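The structure under discussion appears below in the form of structure tokens.
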Amino acid sequence: MALYSEKVMEHFRCPRNVGVIENADGIGEVGNAKCGDIMKMYLKIDNDIITDVKFETFGCGSAIASSSMATELIKGKPVSEALALTNKAVAEALDGLPEVKMHCSVLAEEAIKNAIEDYYAKRKEK
Ligand code: FES
């Protein structure tokens, strides 16, 4: 049996929403100390809706596929829905990840949560 689903391979080969958002409303950066992979998420938020999202991931194929899928899942959605996104939901949307690669999807969940926290913190400063 193939280790990775077709969807994982497809999002790894052609990741969606790669890049940087200048003047992002929220930026989240997380890393995994064990593997050394780093993920950065940029959010543009308007009226509590995530109008744009981009990511930069310096990591393994599963981390890239997870970031790509996670951005697709939260784009156009309310902030509350993005906050509720779990790594399991990301992995399921990718038709599963090998057990040893589940932590890669955790990075996506955490990066989004961090970016939303940053958005709330920035709003308070204003
Ligand atoms: Fe660490 Fe994939 S091996 S994020």
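Each ligand, and each atom within it, is numbered from 1 in the order the structure gives. Quick caveat: nothing in here was measured; it's all calculated off a predicted structure.
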Any donor-acceptor pair under 3.5 Å from Asp37 side chain to Asn32 backbone:
no
Rest of the hydrophobic cluster containing Val100 (Ile/Leu/Val/Met/Phe/Trp/Tyr, side-chain heavy atoms under 4.5 Å)?
none
Compile the donor-acceptor pairs under 3.5 Å between side chains in residues 58-78 and protein atoms, sequence neighbours left out, one pair per line.
unit_1: Ser66; atom_1: OG; unit_2: Ser62; atom_2: O; d: 2.8
unit_1: Ser67; atom_1: OG; unit_2: Thr57; atom_2: OG1; d: 2.8
unit_1: Ser67; atom_1: OG; unit_2: Ala63; atom_2: O; d: 2.5
unit_1: Ser68; atom_1: OG; unit_2: His11; atom_2: ND1; d: 2.7
unit_1: Ser68; atom_1: OG; unit_2: Arg16; atom_2: N; d: 2.9
unit_1: Thr71; atom_1: OG1; unit_2: Asn17; atom_2: ND2; d: 2.8
unit_1: Thr71; atom_1: OG1; unit_2: Ser67; atom_2: O; d: 3.4
unit_1: Thr71; atom_1: OG1; unit_2: Ser68; atom_2: O; d: 2.7
unit_1: Glu72; atom_1: OE2; unit_2: Asn17; atom_2: ND2; d: 3.3
unit_1: Lys75; atom_1: NZ; unit_2: Asn17; atom_2: OD1; d: 3.1
unit_1: Lys77; atom_1: NZ; unit_2: Leu73; atom_2: O; d: 3.3

Residue pairs fulfilling side-chain hydrogen bond (donor to acceptor under 3.5 Å, both in side chains) with at least one residue in residues 86-97, sequence neighbours excluded
Asn87-Ser105
Is a side-chain donor-acceptor pair under 3.5 Å present for Glu56 with Tyr42?
yes
Around atom 2 (Fe) of ligand 1, what protein N, O or S atoms are found below 2.8 Å?
Cys60 SG, Cys104 SG
Check whether any side-chain N or O of Asn47 sits under 3.5 Å from a backbone N or O of Ile49 as a donor-acceptor pair, and report yes or no.
no
